[in-house]
Amino acid sequence: MAAATPTLEESAAYITRSGKPTAAEVLARARTSGRPALQPRCGVGGHREMAALLLELEREGAPDLLTLTIDSHTRLRRFESAERALRTDHRTLNGYPLVTHGWQRGRELNELVAVPLEIRHGSPDPRELFATAVASGVTSFEGGGISYNLPYSKDVPLADSLAAWAEVDRTCGELARLGVVMDRELFGTLTAVLVPPSISLAVSVLEAVAAAAAGVRCVSVSYPQGGHLAQDVAALRSIPLLAARYLPPGVEVHAVLHEFMGVFPRDRGHAEELIFYGALTARLGGASKLITKTYQEAFGIPDAAANAAGLRLASVAGSPLLDFVTVDEAAVGEEQEWILRETAEIVEPVLSAPRLDSAVVTAFAAGRLDIPFSASRHARSEVIPRRDPSGAVRYHSPGRLPLSRASAERNRRLLGGPADDASGASLFAALRRDIDHFPLLFGETPEGAPAGPSPATPGKEPAP
Amino acid sequence: MAAATPTLEESAAYITRSGKPTAAEVLARARTSGRPALQPRCGVGGHREMAALLLELEREGAPDLLTLTIDSHTRLRRFESAERALRTDHRTLNGYPLVTHGWQRGRELNELVAVPLEIRHGSPDPRELFATAVASGVTSFEGGGISYNLPYSKDVPLADSLAAWAEVDRTCGELARLGVVMDRELFGTLTAVLVPPSISLAVSVLEAVAAAAAGVRCVSVSYPQGGHLAQDVAALRSIPLLAARYLPPGVEVHAVLHEFMGVFPRDRGHAEELIFYGALTARLGGASKLITKTYQEAFGIPDAAANAAGLRLASVAGSPLLDFVTVDEAAVGEEQEWILRETAEIVEPVLSAPRLDSAVVTAFAAGRLDIPFSASRHARSEVIPRRDPSGAVRYHSPGRLPLSRASAERNRRLLGGPADDASGASLFAALRRDIDHFPLLFGETPEGAPAGPSPATPGKEPAP
Amino acid sequence: MPMPDRPNGAPEREGRLVILGVAASDSHAVANHLIAHGLRADGFTVVNLGTCTPVAEFADACARHPQAEAVLIGSLNGQIHEDLHDLAEAKRSGRIPCPVLVGGNLSVGSAKDAASTERLYALGVDQVLSAAADLVPVLDALHAGADGATGRIPVATRR
Amino acid sequence: MPMPDRPNGAPEREGRLVILGVAASDSHAVANHLIAHGLRADGFTVVNLGTCTPVAEFADACARHPQAEAVLIGSLNGQIHEDLHDLAEAKRSGRIPCPVLVGGNLSVGSAKDAASTERLYALGVDQVLSAAADLVPVLDALHAGADGATGRIPVATRR
Ligand code: B12
Ligand code: B12
């Protein structure tokens with residue numbers, strides 16, 4: 001397996017020689033066409049199985065890009081576990097252990113399909129993975145020092161993940177000088193559940209500024225569909241404006257929508273309605289790319305047939321026959337104004353600091369940057385999101401985020417009253433309902449509520 | 001096979017006893033819910049195969065009604081051929097030969113599924129078929145003395161088909177008195193290709209008036225999606241208005257959309273875009289029911305999997321998540337005004353005659369009633385339809401239809417000039433393009449043009 | 001559609017007559033209209049029997065038009081085999097003395113195989129065409145030299 | 001989420017402590033937050049180790065909290081079997097002396113079968129729960145009489 005990894009120059013030459021379009025090229029074309037490029041998540045443990053999966057998806061789903069989704073052991077650099085699982089039973093891996101398989105197999109996969117590949121993972125420290133990816137001829141790499149730390153690990157210091165990702169970004173800069181523009185997709189989806197748009201966009205702005213400074217030339221800013229059309233469209237349309245405001249010229253920036261990333265309805269029909277709604281949201285928001293979901297989302301990693309069906313369904317939403325479908329522009333305008341404002345309030349204090357990395361670390365420690373439902377101890381998760389009666393995600397409490405009084409008050413007003421109106425048990429129950437928004441909207445009963453009857457008061461996680 | 005057919009009383013009692021909802025009940029519920037009921041076309045020759053097909057469709061496609069589509073031999077009372085084909089190789093039948101299988105097997109099918117059944121066919125003289133259907137417990141029967149004659153046979157006099165269908169309608173009246181309201185769907189789709197809305201609706205109005213007079217209590221007026229959203233929505237929304245104007249009170253009238261019935265694109269993605277567009281049209285037009293198509297339409301009778309996929313895709317268009325999708329109401333209003341006007345111009349002279357049946361026969365003979373692309377000699381097919389630049393179906397020439405000067409002029413104007421601007425070879429070529437509208441819209445090359453290079457002048461069919 | 005009786009400027013195929021129609025159980029009219037029009041534009045005289053035409057009606061037309069160089073039968077509804085049940089007998093008895101060419105959608109279902117074509121030959125069809133665009137070349141080849149009433153014509157479209 | 005440390009008005013389960021966490025390779029946090037909250041509302045003291053918790057970390061918590069009546073391990077990402085690779089050894093050596101209960105999404109893929117549950121028992125899990133709602137009844141049954149550290153608890157949810 002462990003043949004000497006090619007040099008960056010060799011990899012760049014390989015990519016150029018291959019004649020395949022790069023991810024950046026596909027994205028640029030999609031933006032011009034006005035029809036979002038489509039990409040599934042997909043990864044299985046075995047190599048032959050991964051090859052078969054890519055081929056079936058390309059044949060049956062006609063995606064514009066394909067993915068190698070990486071298993072969770074590899075993401076956390078538990079390479080020994082990845083290796084043992086691969087040896088024992090590759091079906092117990094929830095993704096393709098690329099580092100373990102090695103770059104030659106990566107090239108095999110790359111050469112198997114006509115469309116470019118992206119690595120989707122969740123690695124606080126992705127350096128081995130990135131090196132293997134580049135050597136494999138992969139031209140898009142997801143993640144970032146914040147967005148692939150806080151949702152994806154418990155105790156990796158932000159300073160470490162930021163440093164690791166800065167290395168990746170610098171290498172992308174070198175590759176650009178060698179003629180290969182890597183697409184670097186940021187994971188604005190974060191913890192996926194009730195993420196306020198301004199938090200998603202703020203984290204992406206910070207990561208994009210760092211990436212651009214390191215030499216990255218093509219940035220995809222992904223945003224997770226929250227489920228409120230005007231808010232989601234406004235967030236997507238904010239991406240080019242934020243790029244113009246905070247990024248140097250010469251960096252290509254693409255808006256990417258991730259179809260709803262929270263708790264999915266179980267019924268196939270309901271799931272497909274949500275998938276289509278997401279695809280329409282991407283179109284109306286002017287996204288260059290859409291990451292698709294499947295009707296099996298609530299159950300587990302989808303099989304190839306379900307995955308291809310998800311691609312085909314999303315594709316329908318891009319039809320020229322739907323040119324007549326429009327969105328309430330006034331509502332979008334109003335949302336956008338506030339999203340841009342909140343985002344500015346969150347990022348500008350950090351961007352004004354002399355060193356971005358350490359400013360980010362300090363801000364998260366102090367709660368001036370924060371995300372809800374953090375998997376990591378290195379965010380405080382004092383932000384409490386809620387859905388307002390129209391379904392939009394608002395700040396029930398902004399925690400210690402430096403939101404202006406006007407922003408905070410608007411959030412409170414839209415939620416229907418002062419923050420302490422809902423607290424304790426009723427807040428907890430309301431949050432559960434907001435998490436289960438779509439199953440409930442479709443009249444599905446949520447899975448058995450956790451642990452016992454209606455809980456008395458929400459409790460803070462004590463440090464273990 | 002030939003066990004004595006039960007009496008009407010026995011059949012009515014069987015239907016009541018069965019506890020199944022009738023088609024009329026399902027339609028009423030759908031109209032109230034605002035989500036069109038979904039129904040596929042489906043029919044295969046073998047009995048066991050038909051049972052399996054119904055079960056698979058019910059399981060995988062969750063339709064609100066199911067169909068027994070009848071084979072073309074039975075439609076034309078070529079029972080000997082139906083019987084021989086069934087004996088030799090049931091897969092050579094393009095539908096279920098219900099008369100040959102007999103009513104007991106019909107009941108078996110009826111009892112197999114929870115949703116009501118409709119017979120879809122194309123019989124100028126449906127009397128044996130109707131008798132078998134009623135005895136089978138089927139509660140919806142498609143067709144009419146005009147709409148199941150002209151598109152479906154060459155030389156059955158209209159007087160004969162009208163008389164045969166009047167018998168059917170009178171029996172429906174008796175059934176209503178026995179407590180079973182049959183749904184009688186009219187086939188406004190006619191020849192399916194470039195049918196001007198006012199021709200479709202005019203024929204349905206005439207058939208509905210006759211049916212109501214014979215005692216029919218539930219009429220479904222079907223209209224074929226033409227592909228121009230505002231025009232199609234206007235046509236669907238005209239149906240209740242026409243019912244209020246021309247039908248006696250106490251007759252339930254439902255609007256039904258048939259997903260595009262003309263030449264389908266071959267590519268699966270394109271076909272699915274068109275299917276979804278049709279489903280959205282039904283929703284926006286307030287249809288009680290939608291008859292679905294499949295991505296295999298261009299190729300042949302679909303397999304069960306494709307048929308179920310078509311149902312699921314159409315179902316997505318009914319989602320509450322798409323409540324935000326609206327249509328240009330001003331454009332719909334404008335179209336509707338003219339559709340109602342043209343329809344009145346066509347039907348009112350006929351309705352004012354003392355006897356409807358003979359007035360219809362005379363009018364078709366004289367070309368004052370007419371349809372394009374008639375399969376039958378008993379319509380003149382002097383009407384020439386065209387698509388205008390926006391894709392709406394207009395009268396290039398109304399033939400001898402009694403359209404007012406204002407209506408005729410509007411059609412001409414919308415087509416972009418006086419009628420003789422396009423004639424001969426260029427008219428023929430333009431008609432071919434209009435027929436191939438959707439394949440061409442999607443950039444598909446139409447199947448090889450018929451017989452040789454660009455033809456010189458169109459020629460009238462001489463009587464053989 | 002109302003179309004002028006005779007094309008002007010059509011290629012010289014003076015006096016060549018074909019009999020056209022759709023199979024007995026089949027009422028699809030559009031292709032029939034268009035093919036008749038196209039053949040006339042190309043100089044043929046077309047006796048168009050229209051939709052729903054049983055074999056006996058084709059035979060009667062042959063009797064009325066003994067100069068007919070071919071009978072062209074379209075079928076879209078998938079049921080052509082049963083519709084041509086009497087063809088072999090009509091050919092054997094000489095009631096249909098010229099070659100019979102068929103085209104359209106020649107079996108039920110979306111997945112097609114060669115077997116249905118073979119069965120058509122077994123039923124007495126001389127040539128199965130895969131597209132209407134092949135009609136004129138095939139008719140011309142037939143006119144130029146094939147042995148007419150009997151046997152199949154060796155052209156590219158023949159599988 | 002900032003939530004008050006102690007619930008008021010919780011049922012009397014004074015002094016009963018459980019150790020909670022998510023399996024080693026798994027960073028899904030939401031269910032973990034909610035389950036901790038629910039158990040506290042029901043009167044338990046919850047030591048929540050959070051996401052990405054290797055077996056060794058559960059064992060360390062057992063050492064710090066010898067009174068723990070159970071270790072509750074959630075896993076959603078499908079990889080629980082490899083994540084619990086060291087569990088049997090930790091139980092054998094007594095480093096995890098109390099019953100281990102697991103729940104969540106316990107295999108990779110959308111079609112589930114019983115085999116993955118059986119393999120969990122083979123790895124040293126005492127009880128596989130099919131829903132978080134079963135946690136309190138199972139813990140109470142265990143508390144009331146089951147033999148604690150060893151063996152599985154005979155309750156309805158056990159397949
Ligand atoms: C939100 C989410 C995420 C977020 C998580 C954010 C965060 N830090 O929490 C993000 C986007 C980061 C994410 C990442 C990944 N995810 Co994820 N995610 C989801 C999603 C959409 C919702 C999960 C959720 O929060 N549910 C709400 C809670 C309340 O419900 P729950 O988690 O289902 O828990 C209930 C029960 O399972 C049970 N339960 C849970 N824990 C326990 C513990 C005990 C002791 C007991 C008794 C019961 C119990 O009770 C809970 C309440 O009813 C689900 C799909 C879905 N359900 O719609 C996928 C899903 C769980 N993820 C999945 C996967 C695979 C991943 C990834 C590995 C990426 C990948 N390969 O695709 C990574 C994880 C990386 C890693 N190292 O683990 C898969 C699991 C697949 C499988 N088992 O076959 C799912 C099912 C999606 C899918 N269909 O592929 N994910
Ligand atoms: C319009 C239409 C109708 C209209 C016809 C109106 C009329 N009177 O003409 C209506 C709605 C009435 C109708 C009815 C039915 N139809 Co229809 N119809 C179509 C549709 C949508 C378009 C056909 C058309 O006009 N095409 C335009 C012309 C120009 O193209 P074409 O017909 O394909 O012909 C080309 C070639 O086939 C070839 N060709 C045709 N004839 C000939 C003859 C010769 C000699 C040669 C060489 C070549 C040739 O050249 C033509 C030009 O390129 C097709 C599906 C599609 N293609 O999208 C189904 C289709 C043909 N219909 C079909 C069927 C089955 C029926 C019904 C039997 C109902 C049923 N069981 O579902 C009935 C017919 C009843 C009967 N007794 O026959 C099936 C055939 C299925 C199969 N073979 O497996 C199709 C494919 C739909 C489907 N997927 O199920 N239909």
Side-chain angles (χ1 to χ4, degrees), chain A residues 35 38 59-64 225 227-230 232-233 259-260 265 267-281 283-284 295 305-306 308-329 331-332 390-391 437-438 440-443, chain B residues 35 38 59-64 225 227-230 232-233 259-260 265 267-281 283-284 295 305-306 308-329 331-332 390-391 437-438 440-443:
Chain A
R35 191 164 181 161
L38 302 183
R59 192 178 64 240
E60 301 293 327
D64 300 289
Q225 181 191 12
H228 182 277
L229 184 70
D232 290 336
V233 167
E259 279 177 11
F260 188 66
D267 174 77
R268 174 168 185 174
H270 298 155
E272 294 188 323
E273 292 175 29
L274 183 51
I275 287 169
F276 190 86
Y277 183 49
L280 216 46
T281 302
R283 173 193 180 132
L284 292 165
Y295 70 83
L311 282 162
R312 286 195 306 265
L313 180 56
S315 171
V316 171
S319 175
L321 299 177
L322 300 182
D323 282 348
F324 76 92
V325 176
T326 53
V327 56
D328 178 343
E329 291 292 340
V332 171
S390 75
H437 180 71
F438 280 108
L440 290 172
L441 182 146
F442 288 114
Chain B
R35 191 165 181 161
L38 301 183
R59 193 179 62 240
E60 301 293 326
D64 299 289
Q225 180 191 11
H228 182 276
L229 184 69
D232 290 337
V233 167
E259 279 175 13
F260 188 67
D267 173 77
R268 174 168 185 174
H270 298 156
E272 294 189 324
E273 292 176 29
L274 182 51
I275 287 169
F276 190 86
Y277 183 48
L280 216 46
T281 301
R283 172 192 182 132
L284 292 166
Y295 70 85
L311 282 162
R312 286 195 306 266
L313 180 55
S315 171
V316 171
S319 176
L321 298 177
L322 300 183
D323 282 348
F324 76 93
V325 177
T326 53
V327 56
D328 179 342
E329 292 292 340
V332 170
S390 75
H437 180 70
F438 281 107
L440 291 172
L441 181 145
F442 288 114

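The figures that follow rest on heavy atoms only: side chains count, while hydrogens, waters and symmetry mates do not. Numbers restart at 1 for each chain; the letters A, B, ... are given by sequence-line order, proteins then strands.
A/Leu274 touches chain B through backbone and side chain together, each having a heavy atom under 4.5 Å away. Interface remark: B/Leu311 contributes no atoms to any contact with chain A (heavy atom separation under 4.5 Å). With a 4.5 Å cut-off on non-hydrogen atoms, B/Leu313 touches chain A through its side chain but not through its backbone.
To the nearest 0.5 angstrom, B/Thr326 atom OG1 is 9.5 Å from A/Asp328 atom CG. The distance from atom CZ of A/Arg268 to atom CZ of B/Arg312, rounded to the nearest 0.5 Å, is 3.5 Å. Atoms CG and OG, on B/Leu441 and A/Ser319 in that order, are 8.0 Å from each other to the nearest 0.5 Å. Between atom CZ of residue B/Phe276 and atom CG of residue A/Leu321 there is a gap of 11.0 Å, rounded to the nearest 0.5 Å.
When all heavy atoms of B/Ser315 and A/Glu273 are compared, the pair lying nearest together is O-OE2, 4.4 Å.
Side-chain contact between B/Val316 and A/Val316 is absent, with no heavy-atom pair separated by less than 4.5 Å.
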